[in-house]
Amino acid sequence: GLTWTRRAAEEAEAVAAVSCSGHGRAYIDGVSARGHPVCECNTCYAGADCSLLKSNCAADADSGDPLFLEPYWMRHSAKSAVVVSGWHRMSYLTNNGFISVELERHIRALHRAVGNAVEEDKFIVFGSGCTQLINALVYALSPDNATTPASVVATAPYYPLYKAQTNLFDGREYEWKGITSKWINSSVVSTKNFIEFVTSPNNPDGLLHKSVLGVKSVIYDHAYYWPHFSAIPAPADEDVMLFSGSKTSGHASSRFGWALIKDEKVYDKVVQYMKVNTMGVSRDTQLRVLKLIKVILGEMGGGGDIFEFGYKALKNRWRKLNEIVSWSNRFSLQQIDPQYCTYFSKMRDPSPAYAWVKCEFEEDVDCAKVLKEAGIISRRGTLFEASSRYTRLSLIKTEDDFDLLLRKMVAVVSENGV
Ligand SMILES: C=C(NCc1c(COP(=O)(O)O)cnc(C)c1O)C(=O)O
């Protein structure tokens with residue numbers, strides 16, 4: 001029978017038993033009041049048990065916080081829990097590239113099973129979120145002691161972090177050089193070192209993209225190239241591909257991502273970056289992610305398939321949002337064609353993580369402001385270097401967040417009654 005793990009198990013189950021009225025949750029490392037863990041409530045909910053809905057509280061559709069997958073893990077609690085002993089892997093020392101051999105093996109098996117990437121001829125590196133690998137790759141793809149720094153670019157609308165990191169870490173080997181449309185016909189592109197970011201499916205609009213500049217160094221960010229969010233027409237097979245645990249299993253706070261890299265020299269430079277930057281990724285995190293991926297693989301194709309769960313949840317949310325937006329011509333959403341998905345072996349509707357909303361009325365030039373006045377917090381289009389007529393809504397937060405968003409959308413669409 002259980003011995004030293006019993007207390008950890010009892011502690012975890014006691015916290016899990018705190019319901020928080022279904023509008024929040026308690027955590028083992030949460031604040032406790034009089035010896036009891038305190039409920040941490042979803043946006044707009046309050047009270048000791050999160051049962052109170054605040055009036056006039058704005059729906060927060062700003063961040064891509066992937067909590068839509070939390071109910072999946074609560075349903076698979078017994079298989080997805082891990083007890084971490086007090087002495088689990090205390091050493092700095094580890095195998096090549098600071099990565100768990102078992103976790104690498106399972107990630108490669110996941111890509112083969114989902115069919116979303118060719119991993120066989122690629123090296124793999126882990127990062128604290130794929131966020132950490134974004135600059136690691138810009139560094140690795142930049143020329144050593146070149147006379148001019150590499151020019152880093154992306155196609156608008158693009159994920160703002162690419163620009164923010166490149167400018168923040170502005171080493172002399174690289175600098176941010178704006179959007180690809182500025183360079184599309186420039187003769188400079190063929191000679192100068194360009195590094196192009198391609199996000200596919202894209203954040204914010206969910207469209208599948210390919211490189212537009214045709215340069216040597218392209219970083220394909222496939223954070224959303226999973227069946228939750230997109231059809232998988234074929235396995236991606238690029239020289240540099242990024243994936244994120246945040247969007248694969250929904251565990252954004254575990255800060256785990258990985259890169260598949262074809263060229264060994266680029267791989268070596270990224271490993272060197274990881275060594276100098278943080279000496280690898282937490283082994284506690286790697287242990288947990290290994291357990292999560294084992295569940296995903298074990299449930300695949302059956303009733304507990306996470307991609308079925310995720311796609312069904314997001315397809316349902318899109319159906320409701322499309323219905324409400326169709327009641328008026330004030331707003332429009334990005335149009336993505338249904339596409340054949342090799343994972344589900346069928347044609348499937350789009351279910352991207354974000355709604356890319358356009359305000360169509362002449363006077364509504366600041367779409368984020370229009371929605372804010374309607375009690376909806378969105379991520380303004382100018383952050384993605386798009387027009388202020390656009391703004392982004394996250395559809396991957398909690399069910400409470402989505403319900404609140406819908407209520408506010410019904411109100412703002414109905415007020416025009418058109
Ligand atoms: C959470 C959000 N973005 C996460 C993200 C990330 C971050 O992934 P991490 O593995 O969580 O660090 C990387 N790439 C793209 C294209 C992303 O959209 C957001 O845009 O709200």
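Atoms within a ligand are numbered from 1 in the order they appear, just like the ligands themselves.
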(message) Could you go through N203 and R392, starting from their C-alpha distance and side-chain angles, then the distance that decides it, and tell me whether this counts as side-chain contact (heavy atoms from CB on, under 4.5 Å)?
(response) CA-CA 9 Å; N203 170 4; R392 188 192 81 170; 2.9 Å; yes
(request) Heavy-atom contacts with T131 under 4.0 Å: which atoms of ligand 1 show up? List them by number with element. (result) 7 (C), 9 (P), 12 (O)
(message) Suppose we screen for salt bridge (Lys or Arg N to Asp or Glu O under 4.0 Å). Which residues come up paired with R105, at least two apart in sequence or across chains?
(response) E102
(request) Report, as yes or no, whether the 6.0 Å neighbourhood of atom CD on E120 holds more than 12 heavy atoms from other residues, nucleotides or ligands. (result) yes
(request) Could you list which atoms of ligand 1 come closer than 4.0 Å to a heavy atom of R379? (result) 19 (C), 20 (O), 21 (O)
(request) Find all atoms of ligand 1 within a distance of less than 4.0 Å from any non-hydrogen atom belonging to R255, and give their numbers and elements. (result) 9 (P), 11 (O), 12 (O)
(request) Before accepting this row, confirm whether a basic side-chain N of the pair D144/K269 lies closer than 4.0 Å to the acidic partner's carboxylate O. (result) yes
(request) Before accepting this row, confirm whether a basic side-chain N of the pair K79/E299 lies closer than 4.0 Å to the acidic partner's carboxylate O. (result) yes
(request) Return yes when F384 approaches ligand 1 closer than 4.0 angstrom through a heavy atom, no otherwise. (result) no
(request) For G257 and ligand 1, answer yes if some heavy atom of the residue is under 4.0 Å from a ligand atom, otherwise no. (result) no
(request) State whether the shortest distance between N or O atoms of C130 and N or O atoms of ligand 1 falls below 3.5 angstrom. (result) yes
(message) Tell me whether R392 has any N or O atom under 3.5 angstrom from an N or O of ligand 1.
(response) yes
(message) Out of all atoms in ligand 1, which are within 4.0 Å of some heavy atom of S246? Include the element for each.
(response) 9 (P), 10 (O), 11 (O)
(message) Parallel, tilted or perpendicular, judged at 30° and 60°: which one describes the rings of W226 and F243?
(response) perpendicular
(request) Assess Y224 for proximity to ligand 1: is some non-hydrogen atom of it under 4.0 Å away? (result) yes
(request) Could you list which atoms of ligand 1 come closer than 4.0 Å to a heavy atom of S244? (result) 8 (O), 9 (P), 10 (O), 11 (O)
(request) Could you list the atoms of ligand 1 found under 4.0 angstrom from a heavy atom of T199? (result) 16 (C)
(request) Check the pair T278 / Q132 against side chain to side chain donor-acceptor pair (under 3.5 Å), numbers first and verdict last. (result) CA-CA 10 Å; T278 53; Q132 186 179 33; 3.0 Å; yes
(request) Have a look at F256, W258, F197, Y159 and point out the one with the heavy atom closest to atom 5 (C) of ligand 1. (result) Y159
(message) Distance under 4.0 Å to a non-hydrogen atom of Y162: what atoms of ligand 1 satisfy this?
(response) 16 (C)
(request) Specify the protein heavy atom at minimum distance from atom 14 (N) of ligand 1: its residue, its atom name, and the distance to 0.1 Å. (result) D221 OD2, 2.7 Å
(request) Quick one: look up the protein heavy atom nearest atom 2 (C) of ligand 1 and list residue, atom name and how far away it is. (result) Y354 OH, 3.5 Å
(request) Could you go through the side-chain contact (heavy atoms from CB on, under 4.5 Å) check for S80 and W73 one step at a time? (result) CA-CA 7 Å; S80 55; W73 295 106; 3.5 Å; yes
(message) Please list, in number order, the atoms of ligand 1 under 4.0 Å from a heavy atom of G129.
(response) 9 (P), 10 (O), 12 (O)
(message) Does this structure show an ion pair linking E238 with K210, if we count only N-O contacts that are shorter than 4.0 Å?
(response) yes
Listing, residues 213-221 side-chain donor-acceptor contacts under 3.5 Å, not counting sequence neighbours, or none:
| unit_1 | atom_1 | unit_2 | atom_2 | d |
| --- | --- | --- | --- | --- |
| Y220 | OH | S211 | N | 3.0 |
| D221 | OD1 | A223 | N | 3.0 |
| D221 | OD2 | Y162 | OH | 2.8 |

